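Following: one structure in structure tokens, then a few remarks.
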2 protein chains.
Amino acid sequence: MAKDRVTVIDIARAAGVSKSTVSLVLQASPLVNETTRAKVNAVIRDLGYVYNRGAANLRQSNSKSKIIGIVVNDLTNSFFAELAVGVDMVVQSAGYVQFLANTAESVDRQREVISSMREHGISGLILSPARGTDANDLKPLVASGIPVVNVVRQVAGAKVSSLISDNHAGMRDAVRHLAGLGHHCIAFLGGFPDTAVFNERLQGYRDALSDMDLALHDELVVSSAPSRAGGVAAIERALLLRERPTAAVCFNDAVAFGVCDGLRAHRLDPGEDFAVIGFDDVIEAQTAVPALTTISVDPQGMGRRAAQLLLKQINAGRADAEAIVSSVRLVVRQSCGAAIDKRERLSLL
Amino acid sequence: MAKDRVTVIDIARAAGVSKSTVSLVLQASPLVNETTRAKVNAVIRDLGYVYNRGAANLRQSNSKSKIIGIVVNDLTNSFFAELAVGVDMVVQSAGYVQFLANTAESVDRQREVISSMREHGISGLILSPARGTDANDLKPLVASGIPVVNVVRQVAGAKVSSLISDNHAGMRDAVRHLAGLGHHCIAFLGGFPDTAVFNERLQGYRDALSDMDLALHDELVVSSAPSRAGGVAAIERALLLRERPTAAVCFNDAVAFGVCDGLRAHRLDPGEDFAVIGFDDVIEAQTAVPALTTISVDPQGMGRRAAQLLLKQINAGRADAEAIVSSVRLVVRQSCGAAIDKRERLSLL
DNA sequence: TGACAAATTTGGAACGTTCCAATTATTTTG
DNA sequence: CAAAATAATTGGAACGTTCCAAATTTGTCA
């Protein structure tokens, strides 16, 4: 097995030029003569040279490493998997490679992986912070001038850019749609109450209810883990309420799928007997049966935009924090059913 | 913003020792006196020093970089997302960090990301090869002595370790179970016929049928994309057959979910009117309604084992290729229904 | 052809670490 | 207490690249 690395010096020797020249052709500099460039490139191929970015990086400590980090709080959630794919797309085509780490909502883990990434010299970081992340956790990073873009969740007080979706407006639109279909008793299911995202969505729910002059009962808000299993649990509890809801907006699509599962377990037909709206529009939402009405967030697009924002900051050398809230739209499919009162619906059309 | 890096020399100066000593404490060497160690560590904290792995790595080119690469063919498939999580778990706790890239089944993309990873000096690679990957694509990598572990799919002729699941036995067990429940007409749904995995599973299906003395009709094998949407399409076609199947084994869980969706669209109740078995046991399989009977592959565990195997090879310096086929087990849940003939089922118990 | 400009090429000196051999400080021992 | 042994520290010289200033080659023009 080829043991010792081929270096720029080996190339130089074999091609009969100096290492400086080889370095120039590696950087595709216009300074070098075409014929020598060709010769050097040929040797590079022949010897199977592989560029050592570590060494290069050491010298030119300014422009950095061509590595970006992305750390998410739950990779098993397909929302984040798709987000990562979106990020990967744009960083890959910009010649970067991504460190991807999963924190599983552990701040400790998060601290570890971020510091490990720093040691490796990432040029930027895309972060979906674990629950309980403090602004101080990001302090050293931003102080060292490494651009950071927060996605999905914000960290109060951190001076970093963020890209989050319009949780308030999305949930408001969902509730309005259900109310427009004639539902009076609408539950809010799933999610952990100690997150900003939860509260933004909840506020959208509340505001829509009061806009539509519907009463707001606290027991209609049932929190749970933001997962399929959590959705099952939440609908179980909701179905036991005195005033039983006829519709629900869910914290996210995973919860919504769980809610559909739970309904079926009770011999209720989601979309017919009970209206369900999700949030995120993950890829399965359109192919599920019934197809899920949901708030489209386009996680992959979000990943792409986050990556673009980050690359912009990296290239700008030093970009100041900007907070982007990306708009969101209701995608009506089958799971929210038709209007309760058909005549009313006809009159609306 | 702190512009210039703090180096080992700055630490040395501030602590009144030599850079060599600082280096020793960084490596937790037993050679250094406890009091100096404490002093140096204090200074390290105070100055906010961050270790430069690139530089370190340059010097000790033998033991490598503490980076492992993982490239998968479809991160949006939760099977691979979970695999990645499993890998992440073990590499993270071994002090490594992972480059994660998604090839979306493109060999070109795959070649690019692998070579990019090489330039960054990965110490090992876990690869779920894109369709059409050739042994030659891996040649230079293995020639340079970097350990590679293939997962999920094998690459014919490549001298690398592999960890794949027992596709043949898994599918065989699934079919036997259905036959045992009294089904005579069992379809095989989903998957691309030009992959090794497909053919191994198909063979398991065929062998089981002939074991059970059931006829084998080619039209009962309906290929499709290995996705939820593909599953919908496959069951659509299967339901049109003259001899309509009463049960199906599916290429994977995603297909199986799609099949359930498609059945419901036809007012058929999966688990009651039609038996469905998946393959993989992704996390949603147990919470779905009906819970999915499936072949458990434990993607996360597979990721963990792949990572362990890789780390073993990395530490061993040079381990020879071993092919592990990991056993697999049938997990019976609701989607495959009860026995067709209840009396027969009672007699079996 | 000589002088000057432009185009190419080239030796070091970095970059931040580790390692080796060598030095100095501290103990132990006969 | 000197000598030997042990513990702790330390200056360079690497590692593979880029960058700078300087050197060399080539081309142009009068």
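Within every chain, numbering begins at 1; the chains are lettered A, B, ... in the order of the sequence lines, protein sequences first and strands thereafter. Note that the structure is predicted; figures quoted are calculated from it, not measured.
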If I take atom CD1 in residue Ile11(B) and atom C1' in nucleotide dT10(D), what distance separates them, rounded to the nearest angstrom? 17 Å
What pairs with Arg118(A) under salt bridge (Lys or Arg N to Asp or Glu O under 4.0 Å), at least two apart in sequence or on another chain? none
Any side-chain N or O of Gln60(A) less than 4.0 Å from the OP1 or OP2 oxygen of dC15(C)? no
Could you tell me which residues satisfy side chain to side chain donor-acceptor pair (under 3.5 Å) with Thr76(B), sequence neighbours excluded, listed by chain and number? Asp74(B)
With sequence neighbours excluded, give me every side-chain hydrogen bond (donor to acceptor under 3.5 Å, both in side chains) pair touching residues 41-55 of chain A. Arg53(A)-Glu119(B)
Any side-chain N or O of Gln27(B) less than 4.0 Å from the OP1 or OP2 oxygen of dC19(C)? yes
What pairs with Arg13(A) under side chain to side chain donor-acceptor pair (under 3.5 Å), at least two apart in sequence or on another chain? none
Listed partners of Arg304(B) passing salt bridge (Lys or Arg N to Asp or Glu O under 4.0 Å), at least two apart: none
For DNA chain C, which residues of residues 43-55 of chain A approach it to below 4.0 angstrom with any heavy atom? none
Considering only nitrogen or oxygen atoms on both sides, find all protein atoms under 3.5 Å from nucleotides 6-12 of chain C and state each distance.
unit_1, atom_1, unit_2, atom_2, d
dT9(C), OP1, Thr36(A), OG1, 3.2
dT9(C), OP2, Asn33(A), N, 3.1
dT9(C), OP2, Thr36(A), OG1, 3.3
dT10(C), OP2, Ser18(A), N, 2.8
dT10(C), OP2, Ser18(A), OG, 3.3
dT10(C), OP2, Thr21(A), OG1, 2.7
dG11(C), N7, Ser20(A), OG, 3.0
dG11(C), O6, Ser20(A), OG, 2.8
dG12(C), N7, Lys19(A), NZ, 2.9
dG12(C), O6, Lys19(A), NZ, 3.0

Restricting to side chain to side chain donor-acceptor pair (under 3.5 Å), what partner residues turn up for Ser128(B), sequence neighbours left out? Asn73(B)
Quick one: list whatever passes salt bridge (Lys or Arg N to Asp or Glu O under 4.0 Å) with Arg109(B), sequence neighbours left out. none
With no hydrogens and no angle check, do the side chains of Asn33(B) and Thr35(B) hold a donor and an acceptor under 3.5 Å apart? yes
By salt bridge (Lys or Arg N to Asp or Glu O under 4.0 Å), which residues pair with Arg37(A), not counting sequence neighbours? Glu34(A)
Measure the angle between the two terminal helix axes of the helix from dT1(C)-dA30(D) to dG30(C)-dC1(D), five base pairs each, and quote it to 10°. 40°
Which residues share a side chain to side chain donor-acceptor pair (under 3.5 Å) with Asn150(A), sequence neighbours left out: none
